[in-house]
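Along the sequence shown, residues are numbered consecutively beginning with 1.
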Amino acid sequence: MFKTIKNIWHVQDLRTRILFTLFIFLIYRIGSFVPVPGVDASVFQTVNESGNNLLGLLNTFSGGALANFSIFALGIMPYITASIIVQLLSMDVVPKFAEWAKQGEHGKKKMAQVTRYGTVILAIVQAFATSIGFNRLYGTQMVPNATFADYLVIAIVLTAGTSFLMWLGEQITDKGIGNGISLIIFAGIVASFPTHITTIAQSEFIVEGQAFMNVVKSIAILLVCVLIVIGVIYIQQAVRKIPVQYAKRVVGNKMYGGQNTHIPLKINAAGVIPVIFAVSLLQFPVVIASFWSTHAWAQWVTHNLSTNAPLGIVLYVVMIIGFTFFYTFVQMNPQQMAENMKKNGGYIPGIRPGKATETYLIRVLTRLTMTGSLFLAAISILPMGLGALANLPRTVLIGGTSILIVIGVALDTMKTIEGQLIKRHYKGFINK
């Protein structure tokens, strides 16, 4: 591993990209401590102690920016929500979007532009909801005698912060290493780990007269975390190889084809995207409900759509499974794969080319995706149940989702570095 890290710094382009990514992380962390003008940020120190699962989740994903009510308090979640909406509309709901989705790189640029506009609109709505909701939550202590102009200024600043984060993520994708938006979320979650560890240590383990139980509980929690990490890595790396043979073709004086290869189908081809989508979509109605926090229906939404309520957990699991299937079949279209194989003279042994191949791929992909989606859902909710049994602070019950995202993004980034090293004849982390 140390030799691989040394090889990374021998490649100038790779070294530059990694340093650029770290520089963006530094900007992100500095911005997380820049408060919104005119707001008393000290009242938000109770966010981590409120026991509100939604606030704890948003604060974790924003790297503590919400607790500081900084310019990055909304984090990158409006962008994720906008991406979900645009991708759903591109599934033949809006003909123009569906047309763009089939236009390759040119269409992707148009879809990205629409996603940016959608991000700004959602950020404005969420910024107003957050400022008004928090001001009511803390008894107008955040902005005393707040007027519409005060809320407008806060909304503009928060929207600008989210837009800047979106731009930083795009810069990482373009000039850094890995997927920029995922890495921004990754940086925020990792930055919140020390706070969660400190909270657990202070509230649960530093108790006089319970030294033995404290040690047992610490070992049990550590063991569960290790098992979760091992399970996530195992599933993320698991691949089903579908054998493919290509018939020999003679073109002129040359012979083409005749080789044997395979199609690698991952058990979890969607990665951590379904979890991020589900979290973002689940918290969106709660944010909207904060506009009318005194109404009965808004209170019902807030209490029942949190990830520690039975209905919220069920919806969370259903959305994870649904988004896993949706994203997998968008990324890996069985019909297109079957057509490409037929055009190039390829076939799966024992399966007729064309429709039969498409049906076979759909069946295999469905089974793999179901396994992967159930695993994602189990890992996301398991730490919540175990945390409740162990009587851990409610602010750290989101650990499963956090670990899932961190490991998934780390593996994807590692594979990107791996590809760059192999391209330059260096050994990577995985290939020995």
Side-chain angles (χ1 to χ4, degrees), residues 24-50 52-82 119-144 146 149-169 181 183-193 195-196 276 279-280 282-291 293 302 306 395 398 402 405:
I24 296 297
F25 284 169
L26 178 62
I27 296 176
Y28 172 46
R29 292 308 301 155
I30 292 175
S32 299
F33 295 94
V34 178
V36 175
V39 174
D40 183 8
S42 62
V43 301
F44 291 93
Q45 298 304 315
T46 57
V47 166
N48 286 324
E49 305 170 359
S50 63
N52 188 308
N53 229 24
L54 173 63
L55 295 183
L57 170 62
L58 296 178
N59 190 49
T60 296
F61 278 15
S62 65
L66 182 61
N68 301 323
F69 207 74
S70 75
I71 57 176
F72 294 157
L74 295 184
I76 202 67
M77 282 305 160
Y79 177 86
I80 301 298
T81 306
T119 300
V120 173
I121 294 173
L122 290 176
I124 291 175
V125 173
Q126 190 169 334
F128 269 110
T130 301
S131 57
I132 295 173
F134 277 0
N135 210 32
R136 292 176 178 176
L137 178 65
Y138 292 111
T140 68
Q141 297 178 38
M142 185 180 81
V143 183
D150 294 325
Y151 291 132
L152 180 62
V153 170
I154 295 173
I156 291 175
V157 172
L158 292 179
T159 303
T162 295
S163 302
F164 183 60
L165 275 183
M166 177 177 62
W167 181 80
L168 289 179
I181 301 300
L183 285 171
I184 290 291
I185 299 175
F186 170 89
I189 294 175
V190 170
S192 67
F193 278 174
T195 302
H196 289 324
I276 299 175
V279 168
S280 180
L282 189 63
Q283 58 91 24
F284 185 70
V286 180
V287 173
I288 299 300
S290 64
F291 269 123
S293 57
T302 301
S306 65
T395 55
I398 198 64
S402 302
I405 294 174

Taking all heavy atoms of [X] and all of [Y], pick out the closest pair and write down the distance.
X: Y28; Y: L165; answer: CD1-CD2, 3.4 Å
X: A73; Y: L158; answer: CB-CD2, 3.9 Å
X: A127; Y: A155; answer: CB-CA, 3.6 Å

Nearest 0.5 Å, what's the [atom1]-[atom2] distance between [X] and [Y]?
X: I185; Y: Y79; atom1: CD1; atom2: OH; value: 10.0 Å
X: T159; Y: F128; atom1: OG1; atom2: CZ; value: 8.0 Å
X: S163; Y: I124; atom1: OG; atom2: CD1; value: 8.0 Å
X: T162; Y: L74; atom1: OG1; atom2: CG; value: 4.0 Å
X: I181; Y: M166; atom1: CD1; atom2: CE; value: 7.5 Å
X: L183; Y: F25; atom1: CG; atom2: CZ; value: 4.5 Å

Residues two or more places apart in sequence or in another chain: which of them pass side chain to side chain contact (heavy atoms under 4.5 Å, CB included) with [X]?
X: V34; value: I71
X: F164; value: I27, F72, W167, L168
X: A82; value: T115, T119, L122
X: I156; value: L152

Practice task
Taking the side chain as every heavy atom from C-beta outward, state whether L26 and I30 have any atom pair closer than 4.5 Å.
Solution key: yes
Problem - Side chain to side chain, P37 and V157, heavy atoms closer than 4.5 Å - result: yes
Exercise for the section: Output all residues satisfying side-chain hydrogen bond (donor to acceptor under 3.5 Å, both in side chains) with T81, sequence neighbours left out; order by chain, then residue number. Expected result: S280
